[in-house]
Amino acid sequence: QVQLVESGGDSVQAGGSLRLSCQASGHSTNTYCMGWFRRSAPGKERKPLAVLDSSGRADYIDSVTERRFTISIDSAKTTLYLQMNSLTPEDSGIYYCAADSYFKFGGFCGFYGMDSWGKGIPVTISS
């Protein structure tokens with residue numbers, strides 16, 4: 001499995017921006033599928049936000065997320081980012097980095113194939 005460690009969580013005011021980072025290890029830097037997820041409250045489902053694969057294809061769960069969030073990866077392919085802009089209190093929650101350790105070249109990187117997870121990091125947006 002891929003090892004993932006999130007960082008960058010913080011408390012910010014509505015309208016602000018935040019960039020989350022996820023340090024990944026144990027994966028192939030040539031063939032990968034990784035993404036970001038959020039759990040808004042304890043007991044709620046962990047919701048996918050965005051995924052990115054080694055072909056450079058990024059996919060977002062909806063157009064609202066795509067307008068405000070950007071998923072990217074560094075040139076070494078070891079740190080995944082999520083740039084979040086125009087934050088609202090509804091963006092608060094625990095953010096998780098995830099990876100599909102079985103992803104193969106030419107495969108489909110989807111929201112529901114992740115098997116490796118970070119511990120999560122809290123993000124709080126105040127109004």
Quick check: does any side chain N or O of Asn85 sit under 3.5 Å from a backbone N or O of Ser17, one acting as donor and the other as acceptor? no
Sidechain-backbone polar pair: Asp74 side chain, Thr78 backbone, donor-acceptor under 3.5 Å: yes
Is there a side chain to side chain contact (heavy atoms under 4.5 Å, CB included) between Tyr32 and Ile73? Walk through the geometry before answering. CA-CA 11 Å; Tyr32 56 84; Ile73 196 164; 3.6 Å; yes
Would you check if Met84 and Tyr95 make a side-chain contact, meaning some heavy-atom pair closer than 4.5 Å? yes
Drop me the distance from Gln83's CD to Ser72's OG, to the nearest 0.5 angstrom. 8.0 Å
Same cluster or not: Met34 versus Phe111, using hydrophobic residues (I, L, V, M, F, W, Y) connected whenever any side-chain heavy atoms lie under 4.5 Å apart? no
Hey, is the main chain of Lys77 close enough, under 3.5 Å, to the side chain of His27 for a donor-acceptor pair? yes
Counting only heavy atoms not in Gln13 (residues, nucleotides, ligands), do more than 12 fall under 6.0 Å from its CD? no
Euclidean distance, Arg19 CZ relative to Ser7 OG, rounded to 0.5 Å: 9.0 Å
Taking the side chain as every heavy atom from C-beta outward, state whether Arg38 and Tyr96 have any pair of such atoms under 4.5 Å apart. no
With no hydrogens and no angle check, just 3.5 Å: does a side-chain donor-acceptor pair link Gln1 and Ser101? no
Please tell me whether Trp36 and Tyr81 form a close aromatic pair, meaning their ring centres lie under 6.0 Å apart. no
May I have the list of side-chain donor-acceptor pairs in residues 44-52 shorter than 3.5 Å, sequence neighbours left out?
none

Minimum heavy-atom separation for Asn30 and Ser54, please, with both atom names. O-CB, 3.2 Å
Please determine whether side chain to side chain contact (heavy atoms under 4.5 Å, CB included) holds for the pair Val123 and Asp91, giving the CA-CA distance in whole Å, both sets of side-chain angles, and the decisive distance to 0.1 Å. CA-CA 8 Å; Val123 170; Asp91 295 317; 5.8 Å; no
Mind checking salt bridge (charged side-chain N to carboxylate O under 4.0 Å, His left out) for Asp53 and listing every partner two or more places apart, or none if nothing turns up? Arg57
Are the side chains of Thr70 and Leu82 in touch, meaning some heavy atoms are under 4.5 Å apart? no
Nearest-0.5 Å distance that lies between atom SG in Cys22 and atom CD in Gln3: 11.0 Å
Rounded to the nearest 0.5 Å, what's the gap from OG on Ser11 to CD1 on Ile125? Could you check? 7.5 Å
Full working for side chain to side chain contact (heavy atoms under 4.5 Å, CB included) between Asp100 and Phe108: CA-CA 10 Å; Asp100 176 357; Phe108 176 71; over 6 Å; no
Interatomic spacing from OG1 in Thr65 to CD1 in Ile71 - rounded to 0.5 Å: 11.5 Å
If every non-hydrogen atom of Ala98 is compared with every non-hydrogen atom of Phe37, which pair is closest and at what distance? CB-CE1, 3.8 Å
Quick check against the 3.5 Å criterion: does Glu6 have a side-chain atom that pairs as donor or acceptor with the backbone of Ile121? no
Leu18/Leu87 under side chain to side chain contact (heavy atoms under 4.5 Å, CB included): CA gap, chis, key distance, verdict: CA-CA 8 Å; Leu18 203 57; Leu87 289 163; 3.8 Å; yes
Minimal heavy-atom distance between Cys33 and Met114, with the atoms involved, is SG-CE, 3.7 Å
Euclidean distance, Leu4 CG relative to Ser116 OG, rounded to 0.5 Å: 6.0 Å
Could you tell me whether the side chain of Ser92 and the main chain of Thr124 form a donor-acceptor pair under 3.5 Å? no
